Enquirer: 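Please find one structure pasted underneath; my questions will follow.
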Amino acid sequence: MHSSFVKATLLLLLSLVVGYACKSTDNTTVTPTTSATVSALTCGSTTFSATAVSGVAYTGTATVPYTGGNSAAYTAGTAIASTGVTGLNATLQAGTLANGAGNLVYAISGTPGGAGTAQFALSFGGQTCNLAFTVSSPGSTTTPVTTNCTSVTGVARVVCLAEAFKATLTAAQLATVQLAYSKTDATKWSNLPDGLYNGRVGIKLSALTATQLTAFYNLMGAVLTQNVANEGLDELEGGLVADDYLGANGGGTTYSRGNFHLAFLGTPSTTGLWELQFGGHHYTFANTYNAGKLTGTTPSFRAIEPMAAVTANGKTYQPMEQERVAFANLLSGLSAAEQTTAKLTSTFTDILLGPGKDGQFPSTRVGLKVGDLSAAKKTLVLNAIQLYVNDLDSESAATVMAKYTAELDNTYIGYAGTTTVTAQNDYIRIDGPSVWIEFSYQGGIVIRGVPHPHSVWRDRTGDYGGN
């Protein structure tokens with residue numbers, strides 16, 4: 001009896017354990033993994049973010065439409081090597097399918113080994129298609145019909161237009177304009193004309209054909225504001241017109257728009273470090289990009305001679321007058337006591353932080369603290385700053401102005417000379433935690449006896465993108 005009782009008890013316990021285990025297992029919900037599927041890939045409708053040129057390092061994206069997506073997430077793919085024209089790889093970027101129609105994004109990079117058609121065998125979600133990507137010869141003016149810079153925005157648009165410009169160049173021209181990034185080359189700018197400073201890098205505008213100049217203006221129109229009189233792209237053109245005027249009125253061949261240079265320091269891309277540099281006499285523009293973001297918009301040099309309006313092709317330019325008026329309004333808007341506080345003890349015959357003066361910001365801010373001013377007078381300071389920042393495209397300008405506005409109360413203004421900002425040695429400075437702007441009247445160089453302004457916009461932490 002005892003042995004039978006023990007066996008029965010053990011059997012009962014065993015059945016309870018098994019039953020509990022089965023019950024526990026039955027209550028566990030296992031979610032099956034849903035594979036990403038599509039009903040069709042449409043390689044023939046792909047758009048590319050930038051054009052490719054044989055022998056030139058390329059970074060861009062291909063946007064491939066699909067239909068019949070099932071809303072599933074998918075991981076990044078492995079690199080797909082190109083055939084036909086070799087040297088390129090396409091890699092699927094991770095994402096989540098739409099419920100229906102949408103787009104896959106492939107990152108394309110590498111150096112194409114020749115001109116022609118690079119092909120990628122794509123396979124995704126149970127579907128396949130052959131992606132064809134045109135690679136141009138250096139100097140070809142033909143761009144792939146699938147390239148559409150208007151379909152992208154921000155830095156991707158700048159990269160697209162930079163590559164479109166490069167696609168118009170000959171091999172020799174391309175070697176001149178496309179350089180490796182170096183801080184040494186980034187600092188090679190000056191307010192002097194080519195005859196007095198021969199250190200600039202890049203290609204001269206005088207070396208460009210009409211087609212190439214059109215591509216140049218398209219690019220500059222993406223990084224500078226358009227259709228604003230004497231600001232942004234119009235201000236750049238006004239500077240070129242002024243230099244032509246100097247060449248025709250006593251300056252000689254050292255002054256002309258043809259002596260302005262364009263360079264890419266680093267390959268334009270949405271991933272790496274590179275700078276768009278353009279400049280010549282009295283004008284320097286330098287935008288630095290890194291990891292797909294605009295990281296620096298300075299140093300930026302602006303000057304003009306003559307200061308008086310100049311007319312060319314039926315249009316009148318006076319690029320620095322709005323800045324002069326803004327500074328005069330700022331100074332005249334201060335009370336007598338505020339003007340006294342803002343008045344600097346030194347005489348300034350030029351700006352302090354011109355070319356070759358990188359990083360030499362004064363350690364102590366002097367003048368009048370903007371935080372002590374009324375709201376209306378603070379607005380006058382912002383108005384002056386905006387005339388520099390708003391030369392940029394609207395998206396970039398908004399980001400920079402937000403930073404300078406947040407730092408406004410800890411910004412200082414100082415001046416020397418008169419408050420009208422019209423005479424030689426008149427000088428005004430805006431010095432903030434980040435922003436640094438100077439405006440200074442010089443004696444005439446080509447137009448003797450008539451002063452003209454020099455001006456620079458720098459950033460204490462952002463010059464050359466912080467590099």
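Fair warning: this is a prediction, and the values are worked out from it, not measured in the lab. One-based numbering along the sequence shown.
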Enquirer: Under 3.5 Å, is there a donor on one side chain and an acceptor on the other for N290 and T295?
Expert: no
Enquirer: How would you list all residue pairs meeting salt bridge (charged side-chain N to carboxylate O under 4.0 Å, His left out) that involve residues 352-363, not counting sequence neighbours?
Expert: D358-R458
Enquirer: Excluding sequence neighbours, so at least two apart, what forms salt bridge (Lys or Arg N to Asp or Glu O under 4.0 Å) with D431?
Expert: R365, R460
Enquirer: Please find out if less than 6.0 Å separates the ring center of F48 from that of Y106.
Expert: no
Enquirer: Residues in side chain to side chain donor-acceptor pair (under 3.5 Å) with D393, at least two apart?
Expert: S396
Enquirer: Taking only residues at least two apart or on different chains, which pairs with a member in residues 41-77 satisfy disulfide (SG to SG under 2.5 Å)?
Expert: C43-C129
Enquirer: Listing request: all salt bridge (charged side-chain N to carboxylate O under 4.0 Å, His left out) pairs with a residue in residues 201-218, at least two apart in sequence or in separate chains.
Expert: D194-K204
Enquirer: Determine, step by step, whether T284 and F260 satisfy the side-chain contact (heavy atoms from CB on, under 4.5 Å) criterion, reporting the C-alpha distance in whole Å, the side-chain angles of both residues, the deciding distance to 0.1 Å, and the verdict.
Expert: CA-CA 9 Å; T284 295; F260 284 70; over 6 Å; no
Enquirer: Under 4.5 Å between any side-chain heavy atoms of Q119 and S82, yes or no?
Expert: no
Enquirer: For residues F216 and F278, establish whether the separation of their ring centroids is below 6.0 Å.
Expert: yes
Enquirer: For the residue pair K166 and P268, establish whether any side-chain heavy-atom pair is separated by less than 4.5 Å.
Expert: yes
Enquirer: Less than 4.5 Å apart, any side-chain heavy atom of M220 and any of E237?
Expert: no
Enquirer: Roughly how far, to the nearest 0.5 Å, is OG1 of T288 from CG of N467?
Expert: 6.5 Å
Enquirer: Run the numbers on V56 and Y58 for side-chain contact (heavy atoms from CB on, under 4.5 Å), then give the verdict.
Expert: CA-CA 6 Å; V56 178; Y58 176 85; over 6 Å; no
Enquirer: Can you list the steps and then say if T128 with L41 is a side-chain contact (heavy atoms from CB on, under 4.5 Å)?
Expert: CA-CA 7 Å; T128 61; L41 292 176; 5.8 Å; no
Enquirer: In this structure, is the centre-to-centre distance between the rings of F285 and F301 below 6.0 Å?
Expert: no
Enquirer: Using salt bridge (Lys or Arg N to Asp or Glu O under 4.0 Å) as the criterion, list what pairs up with E438, not counting sequence neighbours.
Expert: none
Enquirer: Would a line drawn from the ring center of W274 to the ring center of Y181 be shorter than 6.0 Å?
Expert: no
Enquirer: Mark yes or no: R302 above the aromatic ring of Y283, with NZ or CZ under 6.0 Å from the six-membered ring centre and no more than 45 degrees from the axis.
Expert: yes
Enquirer: Given I430, which of F439, W436, F327 fulfils the side chain to side chain contact (heavy atoms under 4.5 Å, CB included) condition?
Expert: F327
Enquirer: Please walk me through it: do T214 and T168 pass side-chain contact (heavy atoms from CB on, under 4.5 Å)?
Expert: CA-CA 10 Å; T214 296; T168 69; over 6 Å; no
Enquirer: With heavy-atom distances below 4.5 Å as the criterion, would you say the side chains of I385 and M401 are in contact?
Expert: yes
